[in-house]
There are 2 protein chains.
Amino acid sequence: MRGVTGTRPPAPEGERPAGTRRARPAYDHSSLVEVAARVFNERGYDATSMEDLSAAAGITKSSFYHHVRGKEALLRAALERALDGLFGILDEPAATAGTPLTRLRHIVRRQVEVLVGELPHVTLLLRLRGNTETERWALGRRREFDAAIASLVREASAAGELRAGLDPAVDARLLSGLVNSLVEWYRPGRVPVDELVAEVDRMAFEGLLAQGPAGDGRRA
Amino acid sequence: MRGVTGTRPPAPEGERPAGTRRARPAYDHSSLVEVAARVFNERGYDATSMEDLSAAAGITKSSFYHHVRGKEALLRAALERALDGLFGILDEPAATAGTPLTRLRHIVRRQVEVLVGELPHVTLLLRLRGNTETERWALGRRREFDAAIASLVREASAAGELRAGLDPAVDARLLSGLVNSLVEWYRPGRVPVDELVAEVDRMAFEGLLAQGPAGDGRRA
DNA sequence: GTCTATAGAACGATAGAC
DNA sequence: GTCTATCGTTCTATAGAC
């Protein structure tokens with residue numbers, strides 16, 4: 001069911017089994033994509049020239065072109081990496097078995113991990129404004145992902161696993177917003193990932209208060 | 001104490017007592033600032049020309065200049081409006097009296113209201129990247145505001161009003177991130193503001209779960 | 001006549017195309 | 001390196017309300 005709508009571009013060349021090495025430093029495709037994503041985030045996609053990208057990678061523009069097809073292909077590769085990470089979560093066993101709440105909670109925790117692990121790529125994804133066709137494609141995929149979360153929130157709410165009384169659609173937006181807001185401040189090193197995961201999970205599902213909620217115990 | 005750091009530009013001319021009318025449509029300064037903020041958000045500040053702005057306002061570029069000092073002044077006015085709204089919250093009685101948690105909770109709820117009421121201006125503020133001097137000034141002010149929130153979270157945590165065990169600095173970031181993420185999806189009309197306020201408050205402080213937390217009852 | 005919102009024209013600067 | 005388009009900005013003029 002998942003990943004059906006997204007058009008999959010031709011498999012990226014330049015992939016290489018782990019452990020295989022080159023004599024030269026061997027700029028591999030994925031590290032150049034990461035550099036590109038970082039510069040795109042700093043300067044903005046439009047404002048970034050191929051000169052900027054090759055300079056950031058430490059090679060000349062012509063060498064750079066030997067490794068990548070072009071600017072838009074780089075953008076697309078970076079966005080695919082973010083989206084593959086996110087959609088990959090939905091296929092994990094723990095995301096497909098158990099109660100809606102259990103699955104949702106697993107997905108949120110894994111989403112934080114993917115977001116941190118693919119920080120430049122996900123940041124790029126979350127800052128898209130939909131100017132080019134590639135951007136609109138990625139935005140569509142992202143909406144699919146958000147819809148999967150929203151659907152799960154709705155299920156969990158209907159099953160009485162979430163606090164009753166308010167709008168599950170809004171809760172889903174807030175939940176995604178909370179997780180996605182990490183890209184605005186989180187930088188690797190300062191806060192351990194597992195601690196971050198615990199904090200986000202706790203805030204989202206249990207809240208910040210010391211005591212339990214003023215529970216009226218009703219179910220939907 | 002608040003609002004001290006911000007340099008205040010010369011008072012905007014063109015202000016006029018309420019009720020006074022002009023024969024011509026009379027574009028007032030604040031509505032032009034709002035239009036500008038909206039277009040800045042759509043196109044990005046750099047990519048927006050004065051031609052774009054005047055066209056969006058429905059007058060020619062030269063007419064537009066009769067009402068505003070220039071592009072950067074418009075940006076600054078929009079950012080000031082956002083910042084004044086936010087800092088104004090910190091001076092409200094309910095934000096200065098009561099326990100840290102009470103004050104924090106009031107601020108968060110009011111922050112949602114300001115964010116919705118000044119949506120284009122706050123959106124602009126939250127998307128700044130710090131390219132120009134004005135942007136850096138606004139980012140500094142915004143950091144001051146976030147620091148005030150963080151300080152309050154720390155106080156509430158120290159007072160045992162928040163769940164113990166994790167990092168108050170991270171909680172403060174998450175709380176701000178949750179609230180600020182509203183600008184990415186909220187549009188007036190669909191969800192009533194008071195409902196939105198209730199949802200954000202509930203998620204932040206009580207969490208999404210139906211039952212209370214697995215409270216171990218310990219205090220910091 | 002005075003005031004002012006509006007508009008047309010043009011200037012200096014600059015960024016990108018070629 | 002040159003040329004051109006566009007940008008932010010300013011100047012001058014007109015037209016309508018009081």
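Every value quoted in this text rests on a predicted model; they were computed, and no experiment measured them. Below, read A as the first sequence line, B as the second, and so on, with proteins coming before strands; counting in each chain starts at 1.
- Dashed line: the shortest gap from a side-chain N or O of H67(B) to OP1 or OP2 of dT4(C) is not under 4.0 Å.
- Rounding to the nearest 0.5 Å gives a distance of 6.0 Å between CG of L79(A) and CG of L125(A).
- Contact annotation: the side chain of F40(B) approaches that of L53(B) to within less than 4.5 Å [non-hydrogen atoms, C-beta and beyond].
- Atoms CG (D28(B)) and P (dT6(C)) sit 11 Å apart, rounded to a whole Å.
- S63(A) places no side-chain N or O within 3.5 Å of a backbone atom of I59(A) that could act as its donor or acceptor partner.
- Between E92(B) and R110(B) there is a salt bridge, since a side-chain N of the basic residue sits under 4.0 Å from a carboxylate O of the acidic one.
- Looking at R187(B) and L119(B), their side chains come closer than 4.5 Å, going by heavy atoms from C-beta outward.
- Remark: E199(B) does not engage R202(B) in a salt bridge, criterion side-chain N to carboxylate O under 4.0 Å.
- The residues R81(B) and E34(B) are annotated as salt-bridged, a charged nitrogen and a carboxylate oxygen being separated by less than 4.0 angstrom.
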Show me the protein contacts with nucleotides 14-18 of chain C, counting only N or O atoms at under 3.5 Å.
none

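- Relative to the six-membered ring of F87(A), R141(A) meets both conditions, a distance below 6.0 Å and an angle of at most 45° to the axis.
- Among the candidates E155(B), R105(B), E161(B), the single residue satisfying the side chain to side chain donor-acceptor pair (under 3.5 Å) test with T99(B) is E161(B).
- For the OP1/OP2 pair of dA5(C) and a distance below 4.0 Å, the side-chain nitrogens and oxygens of S63(B) include no atom meeting the criterion.
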Using a cutoff of under 3.5 Å, can you pull out all pairs of nitrogen or oxygen atoms linking the protein to nucleotides 6-10 of chain D, with atom names and distances?
from	atom 1	to	atom 2	distance (Å)
dG8(D)	OP1	T48(B)	O	3.1
dG8(D)	OP1	K71(B)	NZ	2.8
dG8(D)	OP2	M50(B)	N	2.7
dG8(D)	N7	K61(B)	NZ	3.3
dT9(D)	OP2	Y65(B)	OH	2.6
dT9(D)	OP2	K71(B)	N	3.0
dT9(D)	O5'	Y65(B)	OH	3.2
dT9(D)	O4	K61(B)	NZ	3.1

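- In summary, R76(A) and E80(A) engage in a salt bridge, as defined by a charged side-chain N under 4.0 Å from a carboxylate O.
- With a 4.5 Å cut-off on side-chain heavy atoms, L182(A) and R173(B) do not count as touching.
- Close to dT6(C), at under 4.0 Å from its OP1 or OP2, lies no side-chain N or O of H66(B).
- Helical stems in DNA chain C, defined as runs of 3 or more consecutive Watson-Crick or G-U wobble pairs with both donor-acceptor distances under 3.5 Å, are listed by first residue as C:1-18 with D:1-18.
- The CD1-P distance, from I59(B) to dA7(C), rounds to 7 Å in whole Å.
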